[in-house]
There are 2 protein chains.
Amino acid sequence: MNKAEILIIDDEPQIRKLLEITLESNDYKVWQAETGKAGIIMAANHPPELILLDIGLPDKSGHEILKELRTWYNKSIIILSVQNNEVDIVSALDHGATDYLTKPFRSAELLARIRSAIRRNQSNNSENKIICGDIVIDIAARVVMLNNTLLKLTATEFNLLVLLAKNEGRVLTHQYILKEIWGLGAQTETQYLRVFIGTLRKKIETDPNKPQHIFTESGVGYRFM
Amino acid sequence: MNKAEILIIDDEPQIRKLLEITLESNDYKVWQAETGKAGIIMAANHPPELILLDIGLPDKSGHEILKELRTWYNKSIIILSVQNNEVDIVSALDHGATDYLTKPFRSAELLARIRSAIRRNQSNNSENKIICGDIVIDIAARVVMLNNTLLKLTATEFNLLVLLAKNEGRVLTHQYILKEIWGLGAQTETQYLRVFIGTLRKKIETDPNKPQHIFTESGVGYRFM
DNA sequence: ATTCATCTTTATAAAATCTTTACGCCGCAG
DNA sequence: CTGCGGCGTAAAGATTTTATAAAGATGAAT
């Protein structure tokens, strides 16, 4: 249904093309950036589920990009590199890389490492399903069931619901939600959030006027129960 | 600081010894098991922060052990193997392995991958609760429980309660509270405070006329117990 | 190019919260 | 006893925040 999104940051067109074909044929939505700068901007405007980062970029060292991304981006970043040099690997992992693969990589292994990274992203509790009363969210399949009927959600609605459900019982601030779903650049756009909370409520609440799942914490954020 | 505990499951004594030396000199507490069976029992009796699992064990295939561990163990499992064979790697990762290294591995890289794996484990457990008789305040989740029922507080009420509870037993002056909650400009507005103390008492005291939590210190301020 | 679904933006009504005012209570000093 | 200052409560008024609809923009699919 909803495809997980992956951002490739790599300057070599042929590698990008190869990755694009491999990933798209495995049902990922692929975004591409040729430079580190462009990659950071793309990630900030529309945070992907995972970033594939080439360490040998022309404009900045990949290590720099990694550091910069990690100041706010907390999903998986897998490093790709021709370097099979221990110092590079250790440095990348210690600066928050999720994994490190040396080129040439084997595509089945890359895909498995991507699956593993995404799985860990989305399930801090090792559960691939979140069950919450009448709502069942299958994160891996990106599918939501409400009273055993399939719910049709857009990608953004789904991401928002997962974020809320993963933090069941906790209040998430507007800023935090906006950063996670829309990216760094959108932290002041609270109106986006109101609109999408509204559409979500229409879809998952039996009576949207008296929400049983998504509660408003006025002046602060929202809480999912 | 507490040492993170790592369980090594490997049948080759020299590898275990090598790992032991490497890990202990990097401030981990090391447990060892020679067989998969023994490893599972040790992990069950005393779950470590991370497991290093050799895939080529004599008693059971490492894949079996991995599957069995993953039925209940949800921290990191790093696979060590002489196999550099793609099918094995993909299978291990898809069955929940956190990472996969082929022997001979470089110890700095192994250590970096261990740090990365442990870091991801721990990222989500910042428990920060204030417990005060029948009141439990979870600051991170922005939740207050009174006798195990969720209390609905506005943002200002919550901030005020947290301030009081953080200074349990101490008298906080009007000025200080006003400065902390409303900011420097409001230090003379003691009436705000009276109103909000009133609404808080209504919500957390069984009998607001005889407060058990928020005590008035006439002429000075308030004290939370 | 056109259509369709989705996302973004704007406008406005409704709700929640905060601020302010008013008044009554109590203890205490005169 | 009376008046005063600090306190508590209620409620009106002001402000902020939220909900919802709907129009415009975007972008993918045909």
Side-chain angles (χ1 to χ4, degrees), chain A residues 1-3 5 20 24 27-32 42 45-48 142 151-161 164 171-175 177-178 180-183 185-205 207-223, chain B residues 142 151-161 171-175 177-178 180-183 185-205 207-223:
Chain A
M1 174 185 173
N2 283 317
K3 297 178 178 180
E5 302 184 359
E20 181 189 338
E24 288 195 337
D27 242 9
Y28 295 105
K29 171 110 184 70
V30 177
W31 299 90
Q32 303 184 25
M42 287 182 81
N45 288 331
H46 189 86
R142 297 183 73 83
L151 209 58
K152 193 168 157 42
L153 297 181
T154 70
T156 309
E157 287 163 6
F158 180 84
N159 291 338
L160 179 57
L161 180 60
L164 289 167
V171 178
L172 302 181
T173 64
H174 301 129
Q175 282 211 348
I177 300 174
L178 286 163
E180 290 294 312
I181 307 290
W182 281 271
Q187 287 197 50
T188 54
E189 308 284 342
T190 45
Q191 184 56 19
Y192 288 7
L193 196 45
R194 297 210 183 92
V195 173
F196 277 84
I197 290 285
T199 64
L200 256 187
R201 278 186 177 144
K202 262 190 224 158
K203 291 183 181 181
I204 67 174
E205 304 282 8
D207 178 0
N209 292 349
K210 290 176 191 166
Q212 297 303 301
H213 288 295
I214 301 176
F215 295 91
T216 302
E217 300 282 334
S218 191
V220 184
Y222 295 92
R223 178 213 312 270
Chain B
R142 223 186 159 84
L151 210 57
K152 195 169 157 37
L153 298 180
T154 69
T156 310
E157 287 162 7
F158 180 84
N159 292 338
L160 179 57
L161 178 60
V171 181
L172 301 181
T173 64
H174 300 133
Q175 283 211 351
I177 300 174
L178 286 162
E180 290 294 313
I181 307 290
W182 281 270
Q187 290 197 41
T188 55
E189 308 283 343
T190 46
Q191 180 56 18
Y192 288 7
L193 200 43
R194 293 204 192 94
V195 173
F196 277 86
I197 291 287
T199 64
L200 256 187
R201 278 185 177 145
K202 259 190 230 161
K203 291 183 181 182
I204 68 173
E205 303 283 8
D207 179 1
N209 293 348
K210 291 175 190 166
Q212 297 302 302
H213 288 295
I214 302 176
F215 296 93
T216 303
E217 302 286 336
S218 195
V220 186
Y222 296 92
R223 180 208 304 268

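Letters A, B, ... are given to chains in the order of the sequence lines, protein chains preceding strands, and every chain is numbered from 1. Computed from a predicted model, the values in this text were never measured in an experiment.
- The aromatic rings of Tyr192(A) and Trp182(A) lie tilted to each other, with the angle between the two planes from 30° to 60°.
- In this structure, CZ of Phe158(A) is placed 13 Å from P of dC7(C), rounded to the nearest angstrom.
- Using the six-membered ring where Trp is involved, Trp31(A) and His46(A) have ring planes that are tilted, between 30° and 60° apart.
- Toward the 5′ end of DNA chain D lies the nearest nucleotide of Thr190(A), the other residue of the pair Lys202(A) and Thr190(A) mapping further downstream.
- Using a 4.0 Å cut-off, no side-chain N or O of Tyr192(B) falls inside it from OP1 or OP2 of dC18(C).
- Distances shorter than 4.0 Å separate none of the side-chain N or O atoms of His174(A) from OP1 or OP2 on dT17(D).
- The structure places OG1 of Thr216(A) at 7.5 Å from CD1 of Ile197(A), a figure rounded to the nearest 0.5 Å.
- The side chain of Arg194(B) lies closest to dC7(D), out of dT20(D), dT17(C), dC7(D).
- Ile181(A) has its CD1 atom 17 Å from the P atom of dT6(C), to the nearest Å.
- Closest approach of Ile214(A) to Arg201(A), counting heavy atoms only: O-NH2, 2.9 Å.
- In terms of phosphate contacts, Lys210(A) brings no side-chain nitrogen or oxygen within less than 4.0 Å of OP1 or OP2 of dA15(C).
- Between Tyr222(A) and the phosphate of dA19(D), there is a side-chain N or O to OP1/OP2 separation shorter than 4.0 Å.
- Between Trp182(A) and dC7(C) there is no side-chain polar atom (N or O) within less than 4.0 angstrom of OP1 or OP2.
- The phosphate of dA16(C) has neither OP1 nor OP2 within less than 4.0 Å of any side-chain N or O from Thr154(B).
- If you measure from atom CD of Glu205(A) to atom C1' of dA19(D), you get 14 Å, rounded to the nearest angstrom.
- At dA14(C), none of the side-chain N or O atoms of Asn209(A) fall inside 4.0 Å of OP1 or OP2 (strictly under the cut-off).
- In the interface, the side chain of Gln191(B) is paired with the base of dT21(C) through a donor and an acceptor atom under 3.5 Å apart.
- Relative to the side chain of Phe196(B), the nucleotides dT19(C), dT6(C), dG8(D) differ in distance, and dT19(C) lies closest.
- Between Arg201(B) and the phosphate of dG8(D), there is a side-chain N or O to OP1/OP2 separation shorter than 4.0 Å.
- Look at Lys29(A) and you won't find any side-chain N or O under 4.0 angstrom from OP1 or OP2 of dG27(D).
- The phosphate of dG6(D) has neither OP1 nor OP2 within less than 4.0 Å of any side-chain N or O from Ser218(B).
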Should Arg142(B) and Glu217(A) be marked as a salt bridge (charged side-chain N to carboxylate O under 4.0 Å, His left out) after you check the CA-CA gap, both sets of side-chain angles, and the distance that decides it?
CA-CA 10 Å; Arg142(B) 223 186 159 84; Glu217(A) 300 282 334; over 6 Å; no
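- Taking only side-chain nitrogens and oxygens, Thr216(A) comes nearer than 4.0 Å to OP1 or OP2 of dA19(D).
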